[in-house]
S.K.: 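Sharing a structure with you now.
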Amino acid sequence: MNTNPLSQKAQQTLEYLQKLVTTLPLFQRLTDDMTAIQEKADHFRQFQDVLILGTGGSSLGGQAITALQESASPKLHFLDNIDAHTFADVLKTVSPHKTGVIAISKSGNTAETLMQLLTCLKVWDETPLAHHFLIVSEPGQNAIREVASKFSLPTLDHPDDIGGRFSAFTVVGMLPAFIAGIDGQSLRQGALDVLANLKEATVHDSPALVGALTQFSLCQQHVNQSVLFTYCDRLQLLASWYCQLWAESVGKKNAIGLAQGTTPIRAAGATDQHSQLQLYLDGPRDKFFTVLTLAQQHSLDSAQADFFDHPALTTLHNKTMGQLMIAEQMATIDTLKANNCPVRELKLEQLTPRSLGSLMMHFILETLAMAHLLEVNPFDQPAVEQGKKLALDYLSRAGGCAKHGAEVLIEE
Ligand SMILES: O=P(O)(O)OC[C@H]1O[C@](O)(CO)[C@@H](O)[C@@H]1O
C-alpha cells in the first residue's frame, strides 16, 4: 500500500473523477438527442445575422466553439457585455428584419442578459417577435421566462442540473455550433473519447489528473497563477472559456475557510511574446504555463525575400507564416524551460470540432480534479452574489452611480 499522502490524494481524486463520469448529468447528457436544437438552429440559419445574448457560461462555450466557423453566414454576434457603445455599434450593422436574437440565461435572472433582451425587444418591435427571438433558460419560473411568456417567444430548456460554465456540450454550445454549421456531434464525440480514456486510466496516465496534480503541487510552492498561452487565434476564445471554468470552480474558500485557487491568465502567441513574455521569464516565479500549440499551422504562400540584404528579411525567404508560428511556439516553450519556468505543451494534431471537444473535456476534468485536490466545491460561485445584489441596489437608488463619480450618458 502506498502511504505517500500525495499518491493517496491522487488515487482518491482519480476515483472521484471516474465516479463522476457515471453520475454527473454533465457527462450523462453527451448522447442526448439534439433534434430540437437542430430544428431551432435551422430556423436561425435563415437569418443574415444572429445576436446571441448572455454572459459567462451562457456565452463563452458557444464563443469558443463557433470560433471554428468556416462559413461567412449567418454572422454570429455574441453580446456578452452591457457596454452600450458596443451594443449600439452592433445594432447599427444589422437589419432587424434579417436578424435573429437568442437570449441564453440558465438562471433567467441575470441583470445584464435581461437588459440586453429588453433593449433588443424595443429595437425589433416592428418584426414578428416569435419569428426572430428564442429564449434558452432552465425550466420553472424566472424573469426571462416571464418575458418569453409576455411576448409569446419560443423557448428551449437549459438543463437545470448542469451549471453554466459546464454547459458547452448542451444547448448552450450546440445551438450556436449548429447555426454556425459546425458538427456538434463530432464535438461531443471528442468529449466522449476523453471520458472513455478516463474510465481505463491509472493515476500515471490520466492527463487531467496529472495536470491537476502538477498544478496542485506547484500551488503548495506559491506558484498560484496559471497562464494559458494559445498559439492559434481560433483558440483565444477557448482560453476565455477556460478562465471562467477554472476561476469560478477552484477560486474559493474550502470547508475551513481557507482561500484556495490559482489565477487563470490568457496569453496569445505570438502576439503576447511582445507584451507579457518579459514578465513571465524574468518576473516572479509564481506561474505555471500551458502552451497550446498546433502541429500544423495554416500556411499562406511562402515569402520572397532573397533580393534583400538585411538578415531579418533573408531569414524569412521561402518560409511561410505557418512555419514562423511553429518556430515561435517551439521557441517560447524552450525559453520558458531554459528559464526554469514550469511549462507543459498541449499539442493538437489538427484543430477540428472533435479535437476541440476533447480539449474542452480535458479542461473540465482537470478543473474538477483540481477542485477535489483543493477540497472546494467546483459547482458553486457564492462570492459573486454579493456584487450582483449591490449593483441592483445601486441601480434602484437614485444617484447611486454618482457615489463612485460615474455618470451615465443618456443618448436620445
Ligand atoms: O446563465 P446565467 O444564469 O445568466 O448566468 C451567467 C453567469 O453568471 C454567473 O452566475 C456568475 O455571475 C456565472 O456562473 C454564469 O455563467
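From a predicted model like this one, the values you see are computed outputs, not experimental measurements. Along the sequence shown, residues carry numbers from 1. Both ligands and their constituent atoms are indexed starting at 1 by order of listing.
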S.K.: Taking 4.0 angstrom as the limit and counting only heavy atoms of S58, give me the atoms of ligand 1 inside it, by number and element.
M.R.: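 Every atom of ligand 1 under 4.0 Å from some heavy atom of S58: 1 (O), 2 (P).
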S.K.: Please state which protein non-hydrogen atom is closest to atom 11 (C) of ligand 1 and give its distance, to 0.1 Å?
M.R.: E248 OE2, 3.2 Å
S.K.: Of all residues at least two apart in sequence or in a different chain, which pass the ring pair (Phe, Tyr, Trp, His ring centres under 6.0 Å) check with F363?
M.R.: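 Once residues adjacent in sequence are excluded, the partners of F363 under the ring pair (Phe, Tyr, Trp, His ring centres under 6.0 Å) criterion are Y242.
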S.K.: So for ligand 1, is G164 a polar contact partner (N or O within less than 3.5 Å, distance only)?
M.R.: no
S.K.: Provide, to 0.1 Å, the distance between atom 16 (O) of ligand 1 and the closest protein heavy atom, together with that atom's residue and name.
M.R.: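 Of the protein heavy atoms, G57 N, 2.7 Å lies nearest.
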S.K.: Main chain of T332, side chain of Q273: is a donor-acceptor contact present, judged purely on distance under 3.5 Å?
M.R.: no
S.K.: I'd like the name of whichever of Q244, Q381, K106, K388 reaches closest to atom 8 (O) of ligand 1 through any heavy atom.
M.R.: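 Closest candidate by heavy-atom distance is K388.
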S.K.: Which atoms from ligand 1 have a heavy atom of T110 less than 4.0 Å away?
M.R.: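 What qualifies from ligand 1 is 2 (P), 3 (O), 4 (O), 5 (O).
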S.K.: So, N109 side chain and A143 main chain: donor-acceptor pair closer than 3.5 Å or not?
M.R.: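 Looks like yes, one N/O pair under 3.5 Å.
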S.K.: Taking atom 7 (C) of ligand 1 as the point of reference, which of T55, L53, L114, D80 owns the nearest heavy atom?
M.R.: T55
S.K.: Nearest 0.5 Å, what's the CD1-CD distance between I256 and E375?
M.R.: 8.5 Å
S.K.: In terms of ring plane angle, is the pair H132 and F47 parallel, tilted or perpendicular, where the classes change at 30° and 60°?
M.R.: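 Plane angle between 30° and 60°, so tilted.
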S.K.: Does any N or O atom in T113 lie less than 3.5 angstrom from one in ligand 1, N or O only?
M.R.: no
S.K.: With sequence neighbours left out, which residue pairs that include part of residues 137-183 fulfil the ring-ring contact (aromatic ring centres under 6.0 Å, His included) condition?
M.R.: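 Listed by first then second residue: F166-F379.
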